[in-house]
Amino acid sequence: MRLTFGPEVEAFRREFLAWLAENRPGEDEMAAEPALSSAHVPEWARRWTRRLFDAGWLVPGWPPERGGRNAGPVETLVYLEELTKAGVPRTTNPQGLGIIAPSILDYGNEAQIRDYAMPVLRGERAACLGMSEPGAGSDLASLSTRAVLDGDSFVINGQKVWTSGANYADFCFLFCRTDSQAPKHKGISVVLVDMATPGITVRPIAQIARPEYPDLNEVFFSDVVVPETNLVGKLNNGWAMANGSLAHERGMVWLSGVLGLERQMAAVLPEAPAALARLAPAERAVVADGLVQSAIDAVAARCLGYRGFAKLVRGGSAPEQALMKLFTSESNRRLALRAAELGGDRAVDIGATPDSAETWMERYFITFGGTISAGSSEIQRNIIAEKVLGLPR
Amino acid sequence: MDLEFSEDEAALRDNVRAVLAGICPPAAVRAVFEGKGDPASVWSRMVELDWPGLGLPEEAGGLGMGYVAVALVAEELGRAVAPGAFLATVTQFAPAVRELQGPSDLLARVAAGRVTGAVALAEESGWEPAAVVATARETADGWVLAGTKRAVLDGARADEVLVIARAEGTSGPEGLGAFLVAGSDLDATPRPVIDPTLPLADLGLDGVVVPPDRVLVPPGAEGVPEALERAGQEAIVALAASTVGACRVVFERTVDYAKVREQYGRPIGSFQALKHRMADMFLAVERATALCYFAALTIAEEDPRRAEAASMAKAAAGECQELVARDGLQLHGGIGVTWENDLHFPVKRAITGDTLYGNAVHHRARLAQMLGLAA
């Protein structure tokens, strides 16, 4: 165990920081055209993702032709940390870059890589992930959107829900049922669907906070015709990809959870002394104690993440992924509510206009995205109990 | 930051665990709890293996393996619920002597296992050096002590007790000094406590005269509060590690039990209500473990975050204890609250470890001050 990385890693950090200082998008540029959903790619973001790709800084662990520089996992960690510290997102289409493009690179054919994966990496196309359905949330394998082969095309009928960014995406990485007779895990395939295809209706879902800027959507498919060549990987092999895509998502997702928690903590600490001073004396120690517990959570999350990461680097598996998802999302939610309560009666305020900064209470509502999506906290506890602790199903 | 064991650290951990399985099996732990055990024989084996000098620098007669090694041993001692002088001597007494005085003949004798020690710090006023009330008054014969120390680990059996006392008329961090007193010269009252592997005593100081050559640092000497603070961090993190080690055993036994205990025709571990509680226990143990290792590293590498990290580790260990002891007992059902089952040994070890050197609430209050959140 040691507190610091070696000199080579620090040299890598310096190299990236120097490049970042020269090339990053400006604060004004980003603020002038904020991303409105997780598949909305403003002009500055298109240019920026492309610049990262061309310089080999988009996915450092990949080879140069895919926007990387064959960096190791520790270097990748340092890169992601510095990027987050600088307040610059790699992309405004995180699922496209983090899940969909890697899945196509792993399972897709050459044409799919050329027409779908690479354009996402170059910031030219944005993608959404069609997984959840009204009847298939945590139990994804029971999904019922059907793709029926008719000649050399699939005909798709059904409905997806909670689809992030579908209102802006160029295409969908769609999980659908291709064999209704097989056991439920064995009849699922993935098809790439252009969102402009006739028969697709996208209905944005206004959320509990910031209803003006919906990110989640219902997506309806009515006799949507897609070429058979858009099938990703083998027919009825989609479940492997569901697990694969979640693995992509969780590979480094712990880090964004940790960095998010640290960012929230760094935001609340400067506000805290003045807010505590406004409280009645008897309340102060109680409220402060809640913030201290969150401060401990933030440091613990980083330490826990680094421990899991160290195991990964040494070639072991990292069962801590479910633990990190559970811990960071729950910690984030606790902290947001504590920060809101710190404001006394201000706790119930919302932003004066849709473009005002979010209040802590709005952030609290938004943190439920973390504890519900991509496997709810309850599902994570099941995974920990069964896969890590070996408890019987 | 690399928070996984190196090969050397893993080898040390495995070695310590294997040794403890031999010298401190469950039957030996039970014997100590039933007043029939012999902690001295456990300690003498540790001395033969050079554990007393594990973390001390080579120039002080130690093995120079640093504080991470000490914390690893403390965690394993908690796992095994091992008795013996290690925690008081190696993680409390030795760091205090080293921080106050630097390398010395006394420290070399500690490293060689020839002397055991204890630190008499806490009083009714709490665990902070600045809260010490006991006094030392200089006379022609030496310094005359007055006051009462509480909850001194190994206070009734250590060879040497380092007594922290202050010059009369001083308060807070001012006027603190440290005095060496032979254990046999103190009026020690052993406390009846839940965990006899961590034996506590209250020490009456009134009338004890410390000759000049036994004054480690006279009251008001420069740097005493800082030295006590730094030594205290080593004690705190070792207790946190011991607590986490004990919690991990409680947790593991609970999971094992839930896999075999059947009700309604199925293992109780298949019920989701219980699964979720065990997942939360696992999180609490992992959270506290990670913070313990981080804190141990900040001490080993002289990182400026060491005060904050130590309190976070101790607070997390205490919170872990609260959850794991409670749910460990609860999920065992009736058998968990019997004397016959071994579960209560690590439970009591964990609760005691939380209590000593400030419990979770104490350390969160300290953190509130460090983070600028104190009223």
Side-chain angles (χ1 to χ4, degrees), chain A residues 1-6 74 265 269-270 272-273 276-277 279 281-285 287-293 295-297 299-314 316 320 322-324 326-327 330-331 377-378 380-386 388-393, chain B residues 1-6 9 68 251-252 255 258-259 266-272 274-283 286-298 300-301 303 305 308-309 311-313 315-316 319 360-361 363-375:
Chain A
M1 298 194 284
R2 56 182 187 169
L3 282 178
T4 48
F5 296 121
V74 177
M265 199 65 225
L269 275 179
L276 285 167
L279 298 176
E283 294 173 45
R284 281 177 206 153
V287 175
D289 190 48
L291 295 177
V292 168
Q293 291 181 41
I296 298 174
D297 281 341
V299 176
R302 172 166 287 260
C303 294
L304 204 50
Y306 271 112
R307 260 176 74 67
F309 177 72
K311 287 191 182 117
L312 204 70
V313 171
R314 283 166 169 77
E320 283 82 358
L323 202 65
M324 290 305 294
L326 173 67
F327 183 39
E330 293 282 330
S331 298
S377 293
E378 289 67 32
Q380 301 305 328
R381 287 189 179 93
N382 285 351
I383 292 171
I384 292 165
E386 290 164 15
V388 184
L389 307 182
L391 287 163
R393 288 179 67 87
Chain B
M1 180 163 64
D2 182 350
L3 274 181
E4 181 55 294
F5 293 154
S6 67
E9 287 159 350
V68 170
F251 161 70
E252 288 171 357
V255 171
K259 288 177 184 171
R266 50 198 278 211
I268 60 170
S270 66
F271 293 111
Q272 190 165 248
L274 272 54
K275 279 183 184 169
H276 285 195
R277 289 175 78 160
M278 285 183 271
D280 285 338
M281 289 167 80
F282 180 57
L283 174 56
E286 290 293 320
R287 173 182 185 262
T289 303
L291 283 168
C292 276
Y293 293 162
F294 174 60
L297 271 178
T298 63
E301 297 189 16
D303 188 274
R305 293 168 292 182
E308 199 175 298
S311 278
M312 286 189 172
E319 289 157 8
V361 170
H363 283 281
R364 291 206 304 267
R366 274 176 63 123
L367 284 161
Q369 283 178 330
M370 293 183 216
L371 296 170
L373 299 171

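Here the structure is a predicted model, which means the values were calculated and not measured. All chains are named by letter (A, B, ...) in the order of the sequence lines, taking the proteins before the strands, and each is independently numbered beginning at 1.
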Chemist: Against chain B, label A:Leu279 side chain, backbone, both or neither, depending on which of its atoms sit under 4.5 Å from a heavy atom there.
Modeler: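 Nothing of A:Leu279, per the 4.5 Å heavy-atom cut-off to chain B.
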
Chemist: Show the nearest heavy-atom pair for residues B:Ala279 and A:Leu389, with the distance to one decimal.
Modeler: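 It is N-CD1, 4.3 Å.
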
Chemist: Pick one of side chain, backbone, both or neither for B:Arg277, based on which atoms fall under 4.5 Å of a heavy atom in chain A.
Modeler: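 No part of B:Arg277 comes within 4.5 Å of chain A.
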
Chemist: Is the backbone of A:Ile384 close enough, under 3.5 Å, to the side chain of B:Lys275 for a donor and an acceptor to pair up by distance?
Modeler: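 Not at all, since once roles are kept as given, no pair shorter than 3.5 Å links the two residues.
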
Chemist: Just give me the residue among A:Leu291, A:Val287, A:Val74, A:Asp289 that pairs up with chain B most often, heavy atom to heavy atom, under 4.5 Å.
Modeler: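 Heavy-atom pair counts peak at A:Asp289.
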
Chemist: One pair to check against side chain to side chain contact (heavy atoms under 4.5 Å, CB included): A:Val388 and B:Phe282. What are the steps and the verdict?
Modeler: CA-CA 10 Å; A:Val388 184; B:Phe282 180 57; 3.9 Å; yes

Chemist: Can you say whether A:Glu386 sits under 4.5 Å from chain B via the side chain, the backbone, both, or neither, judging by heavy atoms?
Modeler: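 Just the side chain, heavy atoms under 4.5 Å.
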
Chemist: Among B:Glu4, B:Met278, B:Met312, B:Glu319, which residue forms the greatest number of heavy-atom pairs with chain A at distances under 4.5 Å?
Modeler: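 The residue among B:Glu4, B:Met278, B:Met312, B:Glu319 with the greatest pair count is B:Glu4.
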
Chemist: Supply the atom-to-atom distance A:Phe327 CZ to B:Leu283 CG, rounded to the nearest 0.5 angstrom.
Modeler: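 If we round to the nearest 0.5 Å, A:Phe327:CZ and B:Leu283:CG are 6.0 Å apart.
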
Chemist: Where the side chain of A:Arg307 meets the backbone of B:Ala290, is there a donor-acceptor pair that is under 3.5 Å apart?
Modeler: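 Between the backbone of B:Ala290 and the side chain of A:Arg307 there is no qualifying donor-acceptor contact (under 3.5 Å).
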
Chemist: Yes or no on side chain to side chain contact (heavy atoms under 4.5 Å, CB included) for B:Leu371 and A:Met265, after CA distance, side-chain angles and deciding distance?
Modeler: CA-CA 11 Å; B:Leu371 296 170; A:Met265 199 65 225; 5.8 Å; no

Chemist: Which answer fits B:Glu9, side chain, backbone, both or neither, if we ask what part of it has an atom under 4.5 Å from a heavy atom of chain A?
Modeler: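 Just the side chain, heavy atoms under 4.5 Å.
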
Chemist: Let me confirm one number: the CG-CZ distance from B:Asp2 to A:Arg2, rounded to the nearest 0.5 Å.
Modeler: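 It comes to 6.5 Å.
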
Chemist: When heavy-atom pairs shorter than 4.5 Å are enumerated against chain B, which of A:Ala288, A:Ala300, A:Ala385 gives the highest number?
Modeler: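 Of the options given, most contacts go to A:Ala300.
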
Chemist: For chain A, find which of B:Leu297, B:Thr289, B:Leu274 contributes the most heavy-atom pairs closer than 4.5 angstrom.
Modeler: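 The answer is B:Leu297.
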
Chemist: What pair of heavy atoms forms the shortest contact from B:Leu291 to A:Cys303, and how long is it?
Modeler: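 In this case the closest contact between B:Leu291 and A:Cys303 is CD2-SG, 4.4 Å.
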
Chemist: Of the backbone (N, CA, C, O) and the side chain (C-beta and beyond), which part of B:Ala315 lies under 4.5 Å from a heavy atom of chain A, both, or neither?
Modeler: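 When you check distances to chain A, only side chain atoms of B:Ala315 fall under 4.5 Å.
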
Chemist: Quick one: which of B:Ser270, B:Ala365, B:Ser311, B:Ala300 has the most heavy-atom pairs under 4.5 Å with chain A, could you say?
Modeler: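 Heavy-atom pair counts peak at B:Ser270.
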
Chemist: Can you tell me how far the CG atom of A:Leu391 sits from the CD atom of B:Gln272, to the nearest 0.5 Å?
Modeler: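 Answer rounded to 0.5 Å: 11.5 Å.
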
Chemist: Checking side chain to side chain contact (heavy atoms under 4.5 Å, CB included) for the pair A:Ile296/B:Arg287: CA distance, chi angles, key distance, verdict?
Modeler: CA-CA 9 Å; A:Ile296 298 174; B:Arg287 173 182 185 262; 3.3 Å; yes

Chemist: Walk me through it: do B:Phe294 and A:Leu3 pass the test side chain to side chain contact (heavy atoms under 4.5 Å, CB included)?
Modeler: CA-CA 8 Å; B:Phe294 174 60; A:Leu3 282 178; 3.7 Å; yes

Chemist: State, to 0.1 Å, how close B:Met1 and A:Phe5 come at their nearest heavy-atom pair, and which atoms those are.
Modeler: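 Reported closest heavy-atom pair: N-CZ, 3.1 Å.
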
Chemist: For B:Val68, is it the side chain, the backbone, both, or neither that has a heavy atom closer than 4.5 Å to a heavy atom of chain A?
Modeler: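 The side chain, not the backbone.
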
Chemist: Side chain, backbone, both or neither: which part of A:Leu304 has a heavy atom under 4.5 Å from chain B?
Modeler: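 The answer is both parts of A:Leu304.
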
